[in-house]
Peer 1: 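Please read through the structure below; I'll follow up with questions.
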Amino acid sequence: MNVLRGGQVFLNGKLVSTEIAFDEHIQSIGKDLDGKPIDCSGKVILPGMIDAHVHFRDFSQSYKEDWHSGARAALKGGVTTVLAMPNTDPPITTLEMIQEQRRRAEQSQIHFGIFGGIAPENLARLSELAAHVTAFKLYMGETTGSLHVARRSVQREAFQRVAETGKVLAVHAQQLDSPSEAKDLEVALEYAVQTGVRLHLCHVRTREGVELAQDAKRDGLDVTIETCPHYLFFTERDLERRGAWLKVNPPLTAEEDREFLWWALQEGWMDILASDHAPHTREEKSQPFEKAPYGLPGVETSLPLMLDAVEKGSMSLARLIEVFSTRPAERFSLTQRGRIEIGCDADVVVVDLKKRDGVRRERLATKCGWSPYESFKLTGWPVMTFVRGKLLYVL
Ligand code: NCD
Ligand code: ZN
Ligand code: ZN
Ligand code: ZN
């Protein structure tokens, strides 16, 4: 049994000077616990982050990222569970590919969930696949890979079929050429009303988009809203300056949206923060704008970025844990995670809230070899990450 001693533990929304003892699960919380002590003086102990949106590539794109490098990047960023997107090559749309994804994920030691990808060919089999996935993913807009389902009738049927499985349906609803995110989200919200599906809106990044989803939620729709760090730290002005390096789908927007997202996070209008870790190599991203692929790596920088924002007063630590751990666990039915509590999985991250350091390319674990946040100086870094009680990362 390990005992984390001398630190402040995040319990029920507050930091408390106490100890936690764990094997694979959290066994006790209190003072002078028995077990092998690990010194956490001056540190803060948080539930591990749950990143509900990562692209770990692998298969034919293992040169961009694979489960091994992706998991190392996640653990370095205090992330103990990742939910992996299905737009791999080949895509995760069959039972064989789901099992192949699982095999790779298991070797990486991190906790994971698998999104089943929806394609016209597997619609009739979603109920069979449901037992093998955490949730389903539908690309209603253009995306990296082959999973874009453009036809409205097929999209509508997908909503219906997923509703029948009881699983959450995560959607990429934004059209690339669309002037309004809200118009695109509206279609998804309407199908959700019609079918009763449990809807999750990926990478929402405009004020009107958030407000529209929030209205639907107030009307009783079971919908959760996700945003990502890049929409909190960059705008279209940065895109003009940095070009393809900040090319991401859906694209960066205006400063007013960025400010609104911070407000929405703090007010509880945002359910989930996820990285949308979408690694492409430096070579790929240094091509001319039109040719370069969409996507930014982010799984290892999200927590430090957000801890720095907490330090600056942009949001509270409690809200951060809510959107980056507790809510994702609830939404995707990871019942023993997302909080520090006796009986929960011992997925914890020890952070040094005072450590100040830059994001440095040479220290990144992601295979893609770059970060949009290089040159950012941040205060607040993970120093130890445990999954199922096993120490898998030490600074
Ligand atoms: C993602 C990718 O590269 O897989 N890219 C991105 O810009 N977000 C795809 C996606 O999330 O739609
Ligand atoms: Zn146990
Ligand atoms: Zn997407
Ligand atoms: Zn994505």
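Side chains are part of it too, since the values below use all heavy atoms of this structure and drop only hydrogens, waters and symmetry mates. Whatever order the structure lists them in is the order used to number ligands and atoms, beginning at 1. Here the structure is a predicted model, which means the values were calculated and not measured.
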Peer 1: Got more than 12 heavy atoms from elsewhere within 6.0 Å of CZ, Arg356?
Peer 2: yes
Peer 1: Could you check whether atom NZ of Lys183 has more than 12 heavy atoms from other residues, nucleotides or ligands sitting under 6.0 Å from it?
Peer 2: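 No, because the 6.0 Å sphere around NZ of Lys183 holds 12 heavy atoms or fewer from other groups.
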Peer 1: Should we count CZ of Arg242 as having more than 12 external heavy atoms under 6.0 Å?
Peer 2: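 Buried by this count: over 12 neighbours within 6.0 Å.
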Peer 1: Please report which non-hydrogen protein atom sits nearest to atom 5 (N) of ligand 1, along with the residue it belongs to and the distance in Å to one decimal place.
Peer 2: Tyr294 O, 3.3 Å
Peer 1: Backbone, side chain, both or neither: what part of His53 comes under 4.0 angstrom of ligand 1, heavy atoms only?
Peer 2: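 Just the side chain.
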Peer 1: For atom 11 (O) of ligand 1, what's the nearest protein heavy atom and its distance?
Peer 2: His55 NE2, 3.2 Å
Peer 1: Could you tell me the residue and atom name of the protein heavy atom closest to atom 7 (O) of ligand 1, and the distance to it rounded to 0.1 Å?
Peer 2: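 Atom 7 (O) of ligand 1 sits closest to the protein heavy atom Asn249 N, 2.8 Å.
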Peer 1: Under 3.5 Å between any N/O of Gly295 and any N/O of ligand 1: does that happen in this structure?
Peer 2: yes
Peer 1: Is the contact between Leu296 and ligand 1 made by the side chain, the backbone, both, or neither, using heavy atoms and a 4.0 Å cut-off?
Peer 2: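 Answer for Leu296: neither.
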Peer 1: Note the single closest protein heavy atom to atom 2 (C) of ligand 1, along with its residue, its atom name and the distance in Å.
Peer 2: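 Of the protein heavy atoms, Thr144 OG1, 3.2 Å lies nearest.
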Peer 1: Closest to the Zn ion (ligand 3), which N/O/S atom of His203 is it?
Peer 2: NE2
Peer 1: Which of the atoms in ligand 1, numbered in the order shown and given with their element, are less than 4.0 Å from a heavy-atom of Ala278?
Peer 2: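 Listed by number with element, the hits are 1 (C), 2 (C), 3 (O), 5 (N).
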Peer 1: Give the numbers and elements of all ligand 1 atoms closer than 4.0 Å to a heavy atom of Val248.
Peer 2: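 Atoms satisfying the 4.0 Å criterion: 7 (O).
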Peer 1: Is Gln174 close enough to touch ligand 1? Criterion: a residue heavy atom under 4.0 Å from a ligand atom.
Peer 2: no
Peer 1: Around atom CG of Asp219, are there more than 12 heavy atoms from other residues, nucleotides or ligands closer than 6.0 Å?
Peer 2: yes
Peer 1: I need the atoms of ligand 1 closer than 4.0 Å to a non-hydrogen atom of Thr143, numbered in the order shown.
Peer 2: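 Result: 9 (C), 10 (C), 12 (O).
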Peer 1: Do Pro229 and Phe324 have side chains that get closer than 4.5 Å, going by heavy atoms?
Peer 2: no
Peer 1: Kindly confirm or rule out an N or O of His280 lying under 3.5 angstrom from an N or O of ligand 1.
Peer 2: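 By distance alone, the answer is yes.
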Peer 1: Using a 6.0 Å distance limit plus a 45 degree cone around the ring axis, check whether Arg218 lies over the aromatic ring of Trp269.
Peer 2: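 Yes, Arg218 sits over the ring of Trp269.
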Peer 1: At a 4.0 Å threshold, what atoms of ligand 1 neighbour a non-hydrogen atom of Asp276?
Peer 2: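 Those of ligand 1 that fall under 4.0 Å from Asp276 are 8 (N), 11 (O).
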Peer 1: Do NZ/NE/NH1/NH2 and the carboxylate oxygens of Glu164 and Arg161 come within less than 4.0 Å?
Peer 2: no
Peer 1: Heavy atoms only, cut-off 4.0 Å: how does His148 contact ligand 1, side chain, backbone, both, or neither?
Peer 2: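 Looking at His148 and ligand 1, no heavy atom falls under 4.0 Å.
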Peer 1: Step through the shown structure and confirm whether more than 12 heavy atoms of other residues, nucleotides or ligands are within 6.0 Å of CD on Glu283.
Peer 2: no
Peer 1: Of all the N, O or S atoms in His172, which has the shortest distance to the Zn ion (ligand 3)?
Peer 2: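 When I compare the N, O and S atoms of His172, ND1 is nearest to the Zn ion (ligand 3).
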Peer 1: Give a yes or no on whether His55 keeps an N, O or S atom under 2.8 Å from the Zn ion (ligand 4).
Peer 2: yes
Peer 1: What N, O or S atom of Asp276 is found closest to the Zn ion (ligand 4)?
Peer 2: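 Asp276's closest N, O or S atom to the Zn ion (ligand 4) is named OD1.
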Peer 1: Would you give the length of the straight line joining atom CG of Leu395 to atom CG of Asp352, rounded to the nearest 0.5 angstrom?
Peer 2: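 Reported value, rounded in 0.5 Å steps: 8.5 Å.
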Peer 1: Looking only at the aromatic ring of each residue, does the gap between the centers of Tyr231 and Phe260 stay below 6.0 angstrom?
Peer 2: no
Peer 1: Can you find a pair of side-chain heavy atoms, one from His55 and one from Glu65, that are under 4.5 Å apart?
Peer 2: no
